[in-house]
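Have a look at the structure below, then the notes.
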Amino acid sequence: MNIAKDARTALAGLTPAGLALAEVFCFSLLVTAISLLGAGIGLFLVPAAALAARGTVNVTRRLAGARLEGGIPEPYLPEPPREGGPQGWWSRTRWILTDPATWRDLAWMLVDPVIGIVLVLLPLALIAFGVFGLLMPMLWEDISGNGGNSWYWFVKVTDRQSALYALGLGIPTLLTGLVCAPP
């Protein structure tokens, strides 16, 4: 086990977490644009919102594909020839809305911010909480003395002995974070 590499891998989870937050924004933007189709303004907003959403999802695809040997190709249907005027806006919007990849992107942007953030930040959280457990024998008096939470997992830290129990729990917590970071 290469601890430095595993810790860097855990920190690399911050990039997909940030992208997941951008996906929330793009999801909201695209759904709002689609809902405004009835008012007519959605005809102009859907292509721009879809372009932003596709760009964000494609960055996520590239990051995930970098970890896979073959990568993840972009699944979008080819764009039809551009036409001028309102007919051009309508054909472009229709192309986006009839592309199954648009709807898969919407589903992805709905799921990834919930599940994806948990999966990419869990190793980092376990590593940080494990380090906190290792430091508990040095910190427990300051934490308890200042009215802080004196629990570490299921151990109520009230004295030196219970702080050592927390240290004992911090080691497997830290190791679990380091082991689950690469996958």
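For clarity, every value in this text was computed on a predicted model and none was experimentally measured.
- When all heavy atoms of Asp99 and Pro75 are compared, the closest pair comes out as OD1-O, 4.4 Å.
- Within the 4.5 Å cutoff, the side chain of Val57 has no heavy atoms near those of the Cys26 side chain.
- For the pair Val46/Trp89, no side-chain contact is recorded, criterion being any heavy-atom separation below 4.5 Å from C-beta on.
- In this structure, CD in Glu23 is found 12.5 Å from CG in Leu30, a value given to the nearest 0.5 Å.
- The side-chain heavy atoms of Phe44 and Thr93, taken from C-beta on, include no pair separated by under 4.5 Å.
- Annotation: the span from Phe129 atom CZ to Leu169 atom CG amounts to 9.0 Å, rounded to 0.5 Å.
- At a threshold of 4.5 Å between side-chain heavy atoms, the hydrophobic network of Ile, Leu, Val, Met, Phe, Trp and Tyr places Tyr165 and Leu175 in one connected group.
- A heavy-atom distance below 4.5 Å is found between the side chains of Trp108 and Thr60.
- Following chains of ILVMFWY side-chain contacts shorter than 4.5 Å, one can reach Trp103 starting from Met109, so the two form part of one hydrophobic cluster.
- Using a 4.5 Å cut-off between side-chain heavy atoms of Ile, Leu, Val, Met, Phe, Trp and Tyr, with links allowed through other members, Leu36 and Trp90 fall into different hydrophobic clusters.
- Looking at every heavy atom in both residues, Gly42 comes nearest to Pro47 through O-CD, 4.4 Å.
- Using a 4.0 Å cut-off between charged nitrogen and carboxylate oxygen, Arg61 and Asp105 count as a salt-bridge pair.
- In terms of hydrophobic clustering, with Ile, Leu, Val, Met, Phe, Trp and Tyr side chains grouped at heavy-atom distances under 4.5 Å, Leu126 and Leu119 are assigned to different clusters.
- One distance of note links OG1 of Thr173 with CG of Leu178; it measures 11.0 Å at 0.5 Å rounding.
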Steps toward side-chain contact (heavy atoms from CB on, under 4.5 Å) verdict (Leu97, Ile34): CA-CA 9 Å; Leu97 294 178; Ile34 291 170; 3.9 Å; yes

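- The distance from atom OG1 of Thr176 to atom CD1 of Ile171, rounded to the nearest 0.5 Å, is 11.5 Å.
- There is a path of hydrophobic side-chain contacts, each under 4.5 Å, that joins Phe132 to Leu167.
- One finds the OH atom of Tyr76 at 9.0 Å from the CZ atom of Arg104 (value rounded to the nearest 0.5 Å).
- Within 6.0 Å of CD1 on Ile115 lie no more than 12 heavy atoms contributed by other residues, nucleotides or ligands.
- The CG atom of Leu110 lies 4.5 Å from the CZ atom of Phe27; values are rounded to the nearest 0.5 Å.
- Taking both residues in full, the closest heavy atoms of Leu134 and Gly170 are given as CD2-C, 4.2 Å, listed atom of the first, atom of the second, then distance.
- Considering only heavy atoms from C-beta on, Arg92 stays 4.5 Å or farther from Gln87 through its side chain.
- Between Leu21 and Ile117, some side-chain heavy-atom pair lies under the 4.5 Å cut-off.
- Seen from the ring of Trp95, Arg54 counts as a face-on cation partner, given the 6.0 Å and 45° thresholds.
- Contact annotation: the side chain of Leu19 approaches that of Thr56 to within less than 4.5 Å [non-hydrogen atoms, C-beta and beyond].
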